Amino acid sequence: MKGRLKSFTGWFLILVLALVPLSACSSSGETNGNSESSNEETLDIFSWWTGAGEEDGLNALIDLFKEEYPDIEVENAAVAGGAGTNAKAVLASRMQGDDPPATFQVHGGSELNDGWVAAGKMETLNDLYESEGWEDKFPEDLIDLVSKDGDIYSVPVNIHRGNVLWYNTSVFEENGVEPPTTFDEFFTAADQLQEAGVTPLALGDKEPWTATHLFETALLGTLGADDYKKLFTGELAFSDPKVKEAAENFKKMLSYVNEDHSSRNWQDASQLVADGEAAMNVMGDWAKGYFVNDLNLKVKEDFGWVATPGTEGMFMVITDTFGLPKGVANPEDVKKFLSVLGSVEGQDAFNPLKGSIPARVDADLSNYDEYGKETIEDFKSASLAPSLAHGSAAPEGFVTKVNQAINIFVTQQDVDQLIGSLENASGDLK
Ligand code: GAL
């Protein structure tokens, strides 16, 4: 065994030595002066966008980049798992080990600013925004989410809406159900569907974030955008009776979900709605990308949508952004990638496939379907609220504790215990 390992190591070294001269003289014309790895000039793009409903947009963006910069080698370094379930841990260990990816997916807001920026791990991108003329090309609210102390640290590729209730149009029609807009309407519709033998609400909380996602929409729908936001600034305590009411609404919603929820992921849960086995699903609009591009469903014909109960006129904002970590070997190449990602063409290649709307204000509307056009309009007038489950509202430590508390709640259904856990966790809010 030892001998085999030794001879393998020998061959491996020969291989590495043979490759080093090629990589040291990079295709982008820069030398890195450090030849430890044959990989250093490769632009590795780190995200959690793999598989159905996730990867098509990223691939389209990478293809566009390759067309513009055929000499820069790109590696799609995505790690599977919705909402970064596994990717975030891999990223953390790479960052701690001073082995940052060339660029990585990070949610605008707290995840970026209280996380990587506060840790001193990110370069500022003020110069890129200036040279690309981007200051007025992204909504101010979004620039704020990617800025700290007046410096800009990442480029948003999209805006996802989190508070969407998707429904199967045939199931609603067959059962004479109208899209519910309030909690009362939702519960009445759910009772009616349950009596007819249809699972009212699909959930797939194999990865716990999906239950937190449902909970945050219940919070938003019960508290309204202003009070919801106050929870994360410390202006409203989690012991407030309205939070309890939100938890009761959430609990009641959970009484309508499929029995096998804990063995499904978000795609599997969305599939139940697509197949008509369940009537509704609460999920961010990456589910629309999945419905349309992976399951070939038709917008408005096969599925419809409304804002989740109580959240009409509100918009739970999730924004995926990419920045430039400190210490990468190829910062100029990274900036080239970011300039494509932030361009109209880049955003219009990515977003129609991803289900999100463009972060830029001047994207070409003709690329977007009815859902996209409606959502672009809604974003302009809605009260915006940062998503908790997707990193914008609060630091990672708090989100992790909420995920744990919600995970326990889904099985134990103890409202007071949940409120207690949220109150304890809120010590992590600055
Ligand atoms: C979110 C992310 C979305 C989508 C979703 C499911 O956190 O912002 O782009 O990928 O997770 O994985």
Side-chain angles (χ1 to χ4, degrees), residues 45-62 76-91 103-112 115 142 145-146 154-164 166 202-217 264-271 281-294 315-323 341 346-347 349-359 372 375 379 385-396 399-400 402-403:
I45 299 164
F46 190 93
S47 75
W48 54 84
W49 291 328
T50 67
E54 298 272 53
E55 72 186 2
D56 293 346
L58 176 63
N59 287 339
L61 186 63
I62 291 177
N76 181 346
V79 173
T85 299
N86 309 310
K88 285 183 184 175
V90 175
L91 177 68
T103 185
F104 62 87
Q105 177 185 2
V106 57
H107 291 122
S110 190
E111 190 176 309
L112 171 71
L142 221 54
L145 281 177
V146 295
S154 70
V155 186
V157 67
N158 66 356
I159 300 166
H160 270 305
R161 186 174 197 170
N163 57 319
V164 192
W166 308 95
L203 176 69
D205 64 336
K206 187 172 158 188
E207 294 168 353
W209 65 269
T210 55
T212 305
H213 186 117
L214 181 62
F215 175 59
E216 74 176 14
T217 66
R264 290 177 181 265
N265 62 21
W266 73 262
Q267 289 98 333
D268 304 329
S270 306
Q271 177 100 49
N281 186 29
V282 170
M283 190 40 61
D285 48 16
W286 44 92
K288 195 219 67 182
Y290 178 60
F291 284 149
V292 173
N293 299 309
D294 294 274
F315 197 118
M316 188 72 88
V317 179
I318 296 153
T319 180
D320 295 303
T321 78
F322 287 78
L341 178 149
Q347 306 237 324
F350 178 88
N351 289 299
L353 294 169
K354 188 67 168 58
S356 35
I357 61 170
T375 308
F379 180 80
S387 166
L388 169 67
H390 303 280
S392 296
E396 196 70 15
V399 180
T400 305
V402 174
N403 280 335

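Nothing here was measured: the structure is a model prediction, and the numbers come from that model. Note that ligands are numbered from 1 as they come in the structure, with each ligand's atoms numbered from 1 the same way.
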message: Checking Trp49 now: which residues fulfil ring pair (Phe, Tyr, Trp, His ring centres under 6.0 Å) with it, not counting sequence neighbours?
response: Phe322, Phe350

query: Is Trp286 in polar range of ligand 1, meaning some N or O pair under 3.5 Å apart?
result: no

Sub-3.5 Å N/O-N/O distance, His107 and ligand 1: yes

- request: Spell out, as yes or no, whether a donor-acceptor pair under 3.5 Å connects the side chain of Asn59 to the backbone of Asp56.
  value: no

query: Any nitrogen or oxygen of Trp209, main chain or side chain, under 3.5 Å from a nitrogen or oxygen of ligand 1?
result: no

field: Contacts of Thr319 that satisfy side-chain hydrogen bond (donor to acceptor under 3.5 Å, both in side chains) - sequence neighbours left out
entry: none

- prompt: Could an N or O of ligand 1 be found under 3.5 Å from any N or O of Gly82, whether backbone or side chain?
  reply: no

message: Ring centroids only, cut at 6.0 angstrom: are Trp209 and His390 within range, meaning strictly under it?
response: yes

statement: Numbered in order shown, the ligand 1 atoms found under 4.0 Å of a heavy atom of Lys354 are 3 (C), 4 (C), 9 (O), 10 (O)

message: For atom 1 (C) of ligand 1, what's the nearest protein heavy-atom neighbour? Residue, atom name and distance, please.
response: His390 ND1, 3.3 Å

task: Indicate whether the side chain of Glu54 and that of Tyr290 have a donor and an acceptor atom separated by less than 3.5 Å.
output: no

field: Atom indices of ligand 1, in the order listed, that fall short of 4.0 Å to a heavy atom of Ile318
entry: 8 (O)

task: Please determine which of Thr103, Asp320, Thr321 meets the side chain to side chain donor-acceptor pair (under 3.5 Å) test together with Ser154.
output: Thr321

query: Can you tell me which residue and heavy atom of the protein come closest to atom 8 (O) of ligand 1, and the distance to 0.1 Å?
result: Asp320 OD1, 2.6 Å

- prompt: Nearest to atom 12 (O) of ligand 1, what protein heavy atom do you find, and at what distance?
  reply: Glu54 OE2, 2.4 Å

